[in-house]
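Below you'll find the structure, written out as structure tokens, and then a few comments.
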Amino acid sequence: MSVRLHDTLAGAVQPLEPLEPGHVRIYSCGPTVYGPAHVGNFRSFLFADVLVRYLRWRGLRVTWVMNLTDVDDKIIRGAAAESIGIDALAERHIAGFLADAATLRMTMPDVLPRATAHIPQMVALVEALLERGHAYRTEDGSIFFRIASWPTYGRLARLDPDAMRVGERVAADEYSKDDARDFVLWKAAKPGEPSWETAIGSGRPGWHLECSAMSMAYLGESFDIHTGGVDLIFPHHEDEIAQSEAATGAPFVRTWLHCAHLQMGGRKMAKSEGNIAGVSDLLATGLAPRALRYALIAAHYRTGLSFSDESVSAAAAAVARLDALVAALLGYHGEGPDDPGLPAAIAGARAAFGVAMDDDLGISAALAAVFDLVRDLNRRIAARSLSGADAARALDALRDLDRVLGLLPDPAEPPLEADLQVLLDERAAARSARDWAASDHLRDALAARGILVEDSRDGQRWRRAGTPADA
RNA sequence: GGCGACGUACCCAAGUGGUUAAGGGGGAGGUCUGCAAAACCUCUAUGCGUGGGUCCGAAUCCCACCGUCGCCUCCA
């Protein structure tokens, strides 16, 4: 049994065979930090996160690089609009991105390279391309990649370069070039724009060049996996392949993984469509971060995923189901012997989970395996067939699968606030005194503070509400 | 115009040739409970866009049609 992934270039699912056995090198196109990332962006980042988590769960070593594009037209425009430097604008949005990523439990990449810190590597790449005749300089000092010099151009996107609608959409570029389809590697300095003095002239890098330089700087000329949204297939990744392989002569990436768009209102979520939802905006409404994470990762990465109020509340309910089980297991007091059926139930769930995820990250089937286990455990709890040690084992099993999913409540998360704990204690006292009026009143008071209290044979248990509607 | 996906219940979404079509949400009924919540049980697609075809057998393969979306442009 091995991990199989769908390679865009091959157009097929193939076994993952790392160049270095046991070590997977992954590059993910990260955010361009000109504004806050929206949840559509995060679908793709979290897809990469789940990939990394899963490979590690399978025992593979992973080196994960995600770039931060901190110089491009939009950043320059945005900074100019605020009369600040691009660094200041980028810093602000990098901070926002990292905060959102942490909130959504995205694994921290091993390296988060910034484009502006890798200008020398980019320059070296352009020099190699100039030397090999794959690039040319125009009158203003800009440098372009000559697509005509690269016969396999268009393979990734399955586009015929000759059939591209030049003139309609590629249209008049502000830089003159030999062929309208050629893409820019290096943009000559312009007044009012940031630029770097380098061996290839004064200017700034083109976007595609940045990713080639940064990925190869940390992962080598050839590496295993490159991820991004489907919208990056063309031209971004197509251009990366052309310029990287033309410069090094080595195959660039073994497996291209592309995440489908998040849909909102029947269309892809994108700033240009005007249907974006920011992470922090959503969380500000009281939506639990874990519910948002669930909503973004629960569907297979290659299928469009609908994002809506309904999908979010369904996600919150699903997470609440997990929370309720964790709370029940934590509060479980079992005096009896071990449940003889438990080990098989856990092993079965784990196996089904692995089979599903091995098959091109089939997370829907993997979640089904998790929820089958949830039902099974709930039955055993209701039947009181678990021992105390069993409850701990069951929780360990859930947490093990959750290394991939990142959905369970954090065990290190804050104990109850002191004043709320007082209310809870008072309620326990009221209950033992059979003072139902006081007990119910305290339950309402706690609910108003976002704490859901439930009574069970093991006594009171509480958990935090996942959405404002819960409270 | 070219290329590529997709259309499964009220919603989201698995399933890519073979017993009863996963799972989550929602809804209905029931059990448990001081009440509530949670949990559990039962029910909620004889059918998988439509029409043909191949096959002993198709949601799954082929053809046509209808519809939706994406890429060909900045975009995760």
Side-chain angles (χ1 to χ4, degrees), chain A residues 8 11 28-32 34 37-48 66 72-74 154 157-166 168-171 173 181 207 227-236 238 258-263 266-273 276 294-295 298-300 302-325 327-328 352 356 362-372 374-375 377-383 431 434-437 439-440 443-444 447 452-457 461 463 470:
Chain A
T8 304
S28 297
C29 281
T32 297
Y34 68 97
H38 59 253
V39 290
N41 298 321
F42 268 100
R43 182 193 186 190
S44 130
F45 302 148
L46 292 179
F47 144 66
M66 176 182 281
D72 91 318
D73 293 354
K74 287 179 182 170
R158 292 175 168 67
L159 285 175
D160 176 0
D162 295 328
M164 282 168 61
R165 307 183 102 189
V166 176
E168 269 191 62
R169 291 182 144 183
V170 180
D173 196 284
R181 300 163 310 187
W207 176 42
T227 78
V230 284
D231 49 335
L232 296 187
I233 293 173
F234 192 90
H236 186 54
E238 192 72 61
H258 290 104
C259 180
H261 282 130
L262 188 65
Q263 308 280 131
R267 305 209 149 258
K268 72 166 178 173
M269 183 180 290
K271 204 166 185 180
S272 56
E273 299 277 345
I276 58 173
Y294 185 101
H300 187 89
R302 281 191 290 116
T303 66
L305 170 61
S306 307
F307 189 84
S308 63
D309 290 347
E310 278 185 323
S311 79
V312 164
S313 62
V319 169
R321 184 162 162 78
L322 296 172
D323 286 5
L325 174 59
I363 196 164
S364 294
L367 283 168
V370 170
F371 281 102
D372 281 341
V374 168
R375 171 167 293 108
L377 292 174
N378 276 324
R379 279 197 196 116
R380 292 175 199 277
I381 289 170
R431 278 179 55 73
R434 304 186 68 79
D435 180 352
W436 307 129
S439 163
D440 292 352
R443 183 167 60 201
D444 291 344
L452 307 182
V453 183
E454 292 159 6
D455 299 310
S456 75
R457 271 157 83 167
R461 60 182 180 229
R463 57 194 168 88
D470 287 349

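Predicted model, so just to flag it, every value in this text is computed and none were measured. Note on naming: letters A, B, ... go to the chains in the order of the sequence lines (proteins, then strands), and numbering restarts at 1 for each one.
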With distance as the sole test, does [X] use its side chain to make a donor-acceptor pair with the main-chain N or O of [Y] at under 3.5 Å?
| X | Y | answer |
| --- | --- | --- |
| Glu238(A) | Gly154(A) | yes |
| Arg43(A) | Gly229(A) | no |
| Thr227(A) | His258(A) | no |

Report yes if at least one side-chain N or O of [X] is closer than 4.0 Å to OP1 or OP2 of [N]; otherwise report no.
| X | N | value |
| --- | --- | --- |
| Arg321(A) | rG24(B) | yes |
| Asn41(A) | rA76(B) | yes |
| Arg457(A) | rA39(B) | no |
| Lys268(A) | rA76(B) | no |

Using a 4.0 Å heavy-atom cut-off across all strands, classify [X] as base, sugar-phosphate, or nothing.
| X | answer |
| --- | --- |
| Ile233(A) | nothing |
| Leu262(A) | base |
| Ala260(A) | base |
| Thr303(A) | sugar-phosphate |
| Gly266(A) | sugar-phosphate |
| Ser306(A) | sugar-phosphate |
| Glu310(A) | sugar-phosphate |
| Pro31(A) | nothing |
| His236(A) | nothing |
| Gly40(A) | base |

Is a donor-acceptor pair below 3.5 Å formed from side chain [X] to base [N], judging by atom type as modelled?
| X | N | value |
| --- | --- | --- |
| Arg267(A) | rG70(B) | no |
| Asp455(A) | rC35(B) | yes |
| Arg443(A) | rA36(B) | yes |
| Asp440(A) | rG34(B) | yes |

Any idea which of [options] is nearest the [X] side chain?
| X | options | result |
| --- | --- | --- |
| Ala317(A) | rG26(B), rA39(B), rA76(B) | rG26(B) |
| Tyr294(A) | rA14(B), rG24(B), rG34(B) | rG24(B) |
| Pro235(A) | rC74(B), rA76(B), rA39(B) | rC74(B) |
| Ser439(A) | rA14(B), rG70(B), rG34(B) | rG34(B) |
| Glu454(A) | rA37(B), rA76(B), rC40(B) | rA37(B) |
| Asp231(A) | rA76(B), rC74(B), rC72(B) | rA76(B) |
| Arg375(A) | rG24(B), rC71(B), rG34(B) | rG24(B) |
| Ser364(A) | rA76(B), rG70(B), rA22(B) | rA22(B) |
| Ala318(A) | rA76(B), rG24(B), rC72(B) | rG24(B) |

Please report, rounded to the nearest Å, how far the [atom2] atom of [N] is from the [atom1] atom of [X].
| X | N | atom1 | atom2 | result |
| --- | --- | --- | --- | --- |
| Ile363(A) | rG15(B) | CD1 | C1' | 17 Å |
| Asp323(A) | rA39(B) | CG | P | 11 Å |
| Leu367(A) | rG24(B) | CG | P | 10 Å |
| Phe307(A) | rA13(B) | CZ | P | 13 Å |

Legend entry - 5' precedence on RNA chain B between Asp160(A) and Lys271(A) (nearest-nucleotide basis):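 Looking at RNA chain B, the more 5' nearest nucleotide goes with Asp160(A).
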Legend entry - Toward the 5' end of RNA chain B, by each residue's nearest nucleotide, Arg434(A) or Val374(A):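 The 5'-side residue here is Arg434(A).
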Using the [atom1] atom in both, what is the distance from [N] to [M], to the nearest Å?
| N | M | atom1 | answer |
| --- | --- | --- | --- |
| rA39(B) | rU33(B) | C1' | 11 Å |
| rC32(B) | rU42(B) | C1' | 15 Å |
| rA21(B) | rC43(B) | P | 13 Å |
| rC65(B) | rC41(B) | C1' | 45 Å |
| rG7(B) | rU50(B) | P | 13 Å |
| rG23(B) | rA45(B) | C1' | 15 Å |
| rU46(B) | rU20(B) | P | 15 Å |
| rG18(B) | rG70(B) | P | 33 Å |

Inset, instruction - Just do the side chain to side chain contact (heavy atoms under 4.5 Å, CB included) check on Gln263(A) and His261(A) with the steps written out, would you? - result: CA-CA 6 Å; Gln263(A) 308 280 131; His261(A) 282 130; 3.9 Å; yes
Under a 3.5 Å cut-off for both distances, is [N] Watson-Crick or wobble paired, and to whom?
| N | answer |
| --- | --- |
| rC35(B) | none |
| rC56(B) | rG18(B) |
| rU42(B) | rA28(B) |
| rC48(B) | none |
| rA13(B) | none |
| rG4(B) | rC69(B) |

Legend entry - Stepwise side chain to side chain contact (heavy atoms under 4.5 Å, CB included) check, Ile233(A) with Val230(A): CA-CA 5 Å; Ile233(A) 293 173; Val230(A) 284; 4.3 Å; yes
Legend entry - Heavy-atom side-chain proximity of Val370(A) to Leu322(A) below 4.5 angstrom: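 Side-chain contact under 4.5 Å: yes.
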Do any N or O atoms of the protein come closer than 3.5 Å to N or O atoms of nucleotides 3-5 of chain B, and which pairs are they?
{"residue": "rC3(B)", "atom": "O2'", "partner": "Arg158(A)", "partner atom": "O", "Å": "3.4"}

Inset, instruction - Could you please spell out the steps behind the side chain to side chain contact (heavy atoms under 4.5 Å, CB included) verdict for Phe42(A) and Leu262(A)? - result: CA-CA 9 Å; Phe42(A) 268 100; Leu262(A) 188 65; over 6 Å; no
Legend entry - Face-to-face stacking of Phe371(A) with rG23(B), centres under 5.5 angstrom, angle under 30°: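 Check failed, Phe371(A) does not stack on base of rG23(B).
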Legend entry - Trace of the side chain to side chain contact (heavy atoms under 4.5 Å, CB included) decision for Asn41(A) with Lys271(A): CA-CA 10 Å; Asn41(A) 298 321; Lys271(A) 204 166 185 180; over 6 Å; no
